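Some notes on the structure that comes next.
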Amino acid sequence: MRSILDAPHILKVTSGRVALAMALRHAGVSSGDEVLVPAFHCESMITPIRWLGAHPVFYRIQRDLMIDMTDLDGKLSKATRALIVTHFFGFPQDTISLRRFCDKQHVVMIEDCAHAFFGSYAGYSMGCVGDYAIASVMKFFPVFDGGCLVSRESDLTAIPLGSPGFITAAKSAVNMLERATLYQRPGVMISPVRGALALKNLVWRAAKRRFGRTEKMNFAPPSSEGGSWFDPAWMDIGMTLPSRWVFDHTLLTEIPTIRRRNYEMLVAGTRSLPNSRILNSELPEGAVPMVFPLHVEEADRVASMLRKQGIAIWRFGEFIDAEARSVCPVSMDYSEHLLQFPCHQELCISDMAWLVGRIRSALLGGVGKNSGVTAS
Ligand SMILES: Cc1ncc(COP(=O)(O)O)c(C=O)c1O
């Protein structure tokens, strides 16, 4: 089972965006440098570049999500220092050609494995061809915080990591317990856990009444609270102990197989539906999907209808940077029309059948406002 953790040098930090900023800084990227980045992106991929004073230069992607190499070549300049290679949704880019390109142009290659924690390409584990790679641990593991910065060649041990602090660690533990309770995970312990959490809420509310709200409280990285901005206060800080414990003790072996199975169920169930198009019907060997991307004509309507039924639809790239808007028609199209459906390892065959049924109904026009359908 291959993953980004096969890289020899690994730092466990608080988020993917912090790992990206640390990779760029370690590579010597600074003010005035240019960093090549896909026009199809999210804000948290761009803010670390600007925070370093560097300039993002956006390149095009093709319909199959692969990098447009001709456009990439045309975006090189004397100021180009680094290339960010994003393995969208878990589909590996051609890292072998990209490695050759970077070597020839003396550009640092950073693999963005935020969507591709697992898998391999051409026999190489994800993240092990670039000079650096980053991962967003929260996207694959049930943790409060977490990112990885890895490198195949650079020893990262010289980067000292500070502690996130006791309050953040406690918040991390409580958050994971809350989520576990939501999904009935503590088993026979559920009642005592619920009681302890209710007590914590009482104490917390009383403390807030007594001491008032402190606006400056900054106990969690933005990524852990669903924010897309970049807060440099979380640079050079290690993952919290509770998150690290869960991360280190999660049984990894089944994850790629289950994710691939769930993806294939989505492909089979949504093939030839009206007003929609599957981006990748075939899973390349070694690919471990994060989500299932589906191009939908009436994306806003369908997303809103399915979210109401409890389906966790993701819309990566929904907000494209103003500078990138005129660069790549494919990225703009995907920003408006691409919905990503879950294929998470915890979804069993009946969950997937239910999910496929909901998508089919929404696209075939079978689920109206008063259908009475509820989430499983
Ligand atoms: C492709 C990509 N790279 C980087 C990141 C940043 O990861 P994090 O949210 O862990 O900071 C994200 C977040 O969604 C992402 O989608």
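Computed from a predicted structure; not experimentally measured. Computed from heavy atoms alone, side chains included, the values below leave out hydrogens, waters and symmetry copies.
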Item to complete: Report the relative orientation of the aromatic rings in Phe140 and Phe117; use parallel for angles under 30°, tilted for 30 to 60°, perpendicular for over 60°.
Response: tilted
Discussion item. So for atom OH, which belongs to Tyr124, do other residues, nucleotides or ligands contribute more than 12 heavy atoms lying within a distance under 6.0 Å?
Written reply: no
Discussion item. Using the ring pair (Phe, Tyr, Trp, His ring centres under 6.0 Å) criterion, which residues pair with His55? Sequence neighbours excluded.
Written reply: none
Worksheet item: Going by atom types only, do Ser243 and Asp145 share a side-chain donor-acceptor pair under 3.5 Å?
Response: yes
Worksheet item: At what distance, to the nearest 0.5 angstrom, does CZ of Arg244 lie from NE2 of His249?
Response: 12.0 Å
Item to complete: Would you please indicate if the ring centroids of Tyr121 and His87 are separated by under 6.0 Å?
Response: no
Discussion item. Between Arg261 and Gln345 (side chain of the first, backbone of the second, donor and acceptor by atom type, cut-off under 3.5 Å), is there such a pair?
Written reply: no
Worksheet entry | Set of salt bridge (charged side-chain N to carboxylate O under 4.0 Å, His left out) partners for Asp6, sequence neighbours left out | Arg2
Item to complete: Begin with the C-alpha distance, continue with both residues' side-chain angles, and end with the deciding distance and a verdict on side chain to side chain donor-acceptor pair (under 3.5 Å) for Ser77 and Glu34.
Response: CA-CA 8 Å; Ser77 81; Glu34 289 181 358; 2.8 Å; yes
Practice prompt. Not counting sequence neighbours, list each pair that qualifies as a ring-ring contact (aromatic ring centres under 6.0 Å, His included) and has a residue in residues 175-201.
Written response: none
Discussion item. Ring-plane angle category for His295 and Tyr334, please: parallel below 30°, perpendicular beyond 60°, tilted otherwise.
Written reply: perpendicular
Worksheet item: By salt bridge (charged side-chain N to carboxylate O under 4.0 Å, His left out), which residues pair with Asp94, not counting sequence neighbours?
Response: none
Worksheet item: By ring pair (Phe, Tyr, Trp, His ring centres under 6.0 Å), which residues pair with Phe101, not counting sequence neighbours?
Response: none
Item to complete: Heavy atoms only: give me the nearest Met265-Ile349 pair and the separation to one decimal.
Response: CE-O, 3.7 Å
Worksheet item: Less than 6.0 Å separating the ring centroids of Phe144 and Phe219?
Response: no
Check residues 132-139 and write down every donor-acceptor pair under 3.5 Å in which the side-chain atom is one partner and the other belongs to a residue at least two apart or another chain.
unit_1: Tyr132; atom_1: OH; unit_2: His26; atom_2: ND1; d: 2.7
unit_1: Ser136; atom_1: OG; unit_2: Lys139; atom_2: NZ; d: 3.1

